[in-house]
Protein chains: 2
Amino acid sequence: MNSDFSLAVHSLTFLSLQLDQMATSHAIAESASVHPVRIRKILGLLRKQGFIVTKEGCGGGFILQKSPADIKLNEIYKITSEGALVPKCPPPNSECVVGANMKQAITSIFGDAENQLESFLSDYSIKDVASLVTHEPIEVAEALTGE
Amino acid sequence: MNSDFSLAVHSLTFLSLQLDQMATSHAIAESASVHPVRIRKILGLLRKQGFIVTKEGCGGGFILQKSPADIKLNEIYKITSEGALVPKCPPPNSECVVGANMKQAITSIFGDAENQLESFLSDYSIKDVASLVTHEPIEVAEALTGE
DNA sequence: AGGAACTATAATAAATATTATTACAGTTAA
DNA sequence: TTAACTGTAATAATATTTATTATAGTTCCT
C-alpha cells in the first residue's frame, strides 16, 4: 500500500495534538518528512469529507473539525486507499478458464477481506493513534477484546 | 499489492485442474499472460514449501504435491506477500513525537490487521478458487457462515 | 493598496517498484 | 547429443509513487 493512508493518519494525529490552533502544511510535512504539496492534496480529501477545516491565506492552515475519538481509521482508509488490498492481476485471458476468471475470483475474495479489514480499522480512532504515539495507556486492546 | 500472490494462486489453481500431468512454466505463463521466468520464480518458492514438485529437463514441469483442498490461501499469502498489507510510512522523524512514532503505530495496528486477514484467507483453499473459476457451486460461503 | 504567508491544483520531473527480457548453466528424455 | 525443460542472475522496460515547480487565489497586516 502507498503512504497516503499513513500520511492522512499522521496529519490527523498531528492536528489532534494541536486542537486549539491551525497547523500549516509546512509544519505537518516537516513532521512527516514529506513534501507540503502532498499534505495539502491529502488534506484536501479530508476537508471534502468534513474531517478538517481549511483556512487559506496568511495565518491559515488546517484544524480538526471532529473529535479525535470520533474519527475512525476505517473512514480514513476508505477515503485514501479503498481497493488497495486487492492484489493486482494480469489481464483476463479468454483462452483459458483459469485465466479468464482468476481476476474476478481474486477480486471477490479480497472484496470480502477488505470489508473485514475496514471493520477491524473501525475499532481504532485518531485518539487511539495519538495515544500510541505519545505512549499513553491504550484503550484499543479493550475495544478489541470487547471489555 | 503486487501480483505475486495472484500468480501463485493462479498457478496452483491451474495445476489443480491438471492433477495427472506436469504443466510447464510456459503453459502456466500463457494462461496468466505473464512471463515464464516469473512463474518459475514464484513456483520455486512454492516448491521449497512443499506445495508442488518440480521436474527439470525434457518433459519436466510442475505438479501439485498437496491436495487442492489442503492448500489454504493464507499459506500462499504468507509465502508471497507477507507484510504487503502494512502501508508505507515516511522514515521516522525524531524531531517530532508524531513523526518519531507513527511508523511503529501503523505497523502495530496493521500487524494485527494482517493476522486477521490471514485468518480470513485460511477459509479459502485452492479447491475453492478452482470452483469459483470453473463456476461450480461454491462451498466457501458455507464455511464462512459456519453452516 | 501592497506585500508576506498561506491554500488549491495542475503539470512535470525524479525516484522507486514492478515486470519483462535476456543470458547462461544445469537436468532429463529420447 | 540434441531438444525441451527448470533455476537463477543480470539487465531493461514499464508503471507507480513521490517530489518539485509553477501559477492562481485568499487572508492578514501595516
Side-chain angles (χ1 to χ4, degrees), chain A residues 1-8 10-11 14-15 18 21-49 51-65 80-81 83-91 93 103, chain B residues 1-8 10-11 14-15 18 21-49 51-65 80-81 83-91 93 103:
Chain A
M1 205 189 312
N2 72 15
S3 53
D4 285 359
F5 174 84
S6 299
L7 286 175
H10 188 120
S11 302
F14 188 100
L15 294 177
Q18 182 180 318
Q21 56 177 325
M22 302 216 117
T24 65
S25 61
H26 176 77
I28 302 172
E30 203 153 68
S31 157
S33 310
V34 104
H35 200 280
V37 171
R38 218 173 142 209
I39 295 294
R40 294 206 286 274
K41 210 176 294 177
I42 291 172
L43 291 192
L45 299 172
L46 298 176
R47 171 177 49 82
K48 284 170 193 155
Q49 303 297 324
F51 291 96
I52 61 178
V53 163
T54 271
K55 192 178 159 206
E56 296 186 21
C58 186
F62 306 89
I63 197 164
L64 272 193
Q65 171 78 336
T80 60
S81 305
L85 182 59
V86 26
K88 274 188 267 186
C89 276
N93 167 7
K103 188 183 173 65
Chain B
M1 203 188 314
N2 71 18
S3 53
D4 285 0
F5 174 83
S6 299
L7 286 176
H10 187 120
S11 301
F14 189 100
L15 294 178
Q18 183 182 315
Q21 57 178 324
M22 303 215 115
T24 66
S25 62
H26 177 79
I28 301 172
E30 202 153 67
S31 157
S33 309
V34 104
H35 200 280
V37 170
R38 218 175 141 207
I39 296 293
R40 294 206 288 272
K41 209 175 296 177
I42 292 171
L43 291 192
L45 299 172
L46 298 176
R47 171 176 50 81
K48 284 169 191 156
Q49 302 297 323
F51 291 97
I52 60 177
V53 163
T54 271
K55 193 178 158 205
E56 297 187 21
C58 185
F62 306 89
I63 197 163
L64 272 192
Q65 171 78 336
T80 60
S81 305
L85 182 59
V86 27
K88 273 187 268 187
C89 277
N93 168 8
K103 188 184 173 65

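We name chains A, B, ... by the order of the sequence lines, and we start the count at 1 in each one.
- The side chain of B:Ser3 contributes no N or O atom lying less than 4.0 Å from OP1 or OP2 of C:dT18.
- Atoms CZ (B:Arg40) and C1' (D:dC5) sit 8 Å apart, rounded to a whole Å.
- Summarising the geometry, the separation between CD1 on A:Ile39 and P on D:dT20 is reported as 13 Å, rounded to the nearest angstrom.
- If B:Gly61 and B:Lys88 are placed on DNA chain D by their nearest nucleotide, the residue sitting closer to the 5' end is B:Gly61.
- The CE atom of B:Met22 sits 14 Å away from the C1' atom of D:dA4 (whole-angstrom rounding).
- Rounding to the nearest 0.5 Å places CD1 of A:Ile28 at 11.0 Å from CZ of A:Arg40.
- Separation of atoms CZ (A:Arg38) and CG (A:Leu43) is listed at 11.5 Å; rounding is to 0.5 Å.
- A sub-4.0 Å separation between OP1 or OP2 of D:dA9 and a side-chain N or O of B:Lys41 is absent.
- Contact annotation: A:Ser25 does not reach the phosphate of C:dC6 (side-chain N/O to OP1 or OP2, under 4.0 Å).
- The distance from atom NE2 of B:His35 to atom P of D:dT11 is 17 Å, rounded to the nearest whole Å.
- For C:dA8, the OP1/OP2 oxygens have a side-chain nitrogen or oxygen of A:Thr54 closer than 4.0 Å.
- Nearest-nucleotide positions on DNA chain D for A:Gly59 and A:Ser33 put A:Ser33 closer to the 5' end.
- Comparing atom distances between the A:Thr24 side chain and each of C:dT27, C:dT7, C:dT28 picks out C:dT7 as nearest.
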*Under the side-chain contact (heavy atoms from CB on, under 4.5 Å) rule, what do B:His26 and B:Ile39 come out as? Steps first, then yes or no, please.*
CA-CA 8 Å; B:His26 177 79; B:Ile39 296 293; over 6 Å; no

*asked:* Go through it in stages, so that I can follow the logic: the residues are B:Leu85 and A:Leu85, the test is side-chain contact (heavy atoms from CB on, under 4.5 Å), and I'd like the CA-CA distance, side-chain angles, deciding distance and then a yes or no.
replied: CA-CA 7 Å; B:Leu85 182 59; A:Leu85 182 59; 3.3 Å; yes

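- OP1 or OP2 of C:dA8 lies within a sub-4.0 Å distance of a side-chain N or O belonging to A:Arg47.
- One interatomic measurement links the two molecules: CD of B:Gln21 to C1' of D:dC5, which rounds to 15 Å at whole-angstrom precision.
- The distance between atom CZ of A:Phe5 and atom P of D:dT17, rounded to the nearest whole Å, is 16 Å.
- With rounding to whole Å, A:Ile63 atom CD1 is found 16 Å from D:dT27 atom C1'.
- Within the 4.5 Å cutoff, the side chain of A:His10 has no heavy atoms near those of the B:Pro90 side chain.
- Contact annotation for B:Arg38: backbone-only contact, meaning every heavy-atom pair under 4.0 Å involves sugar-phosphate atoms and none involves a base.
- Among the heavy atoms of the strands lying under 4.0 Å from A:Val37 is at least one base atom, whether or not backbone atoms are also near.
- Atoms NE2 (B:His26) and P (D:dC5) sit 8 Å apart, rounded to a whole Å.
- Here C:dA5 is the nucleotide among C:dA5, C:dT19, C:dT9 with the atom lying nearest to any side-chain atom of A:Cys58.
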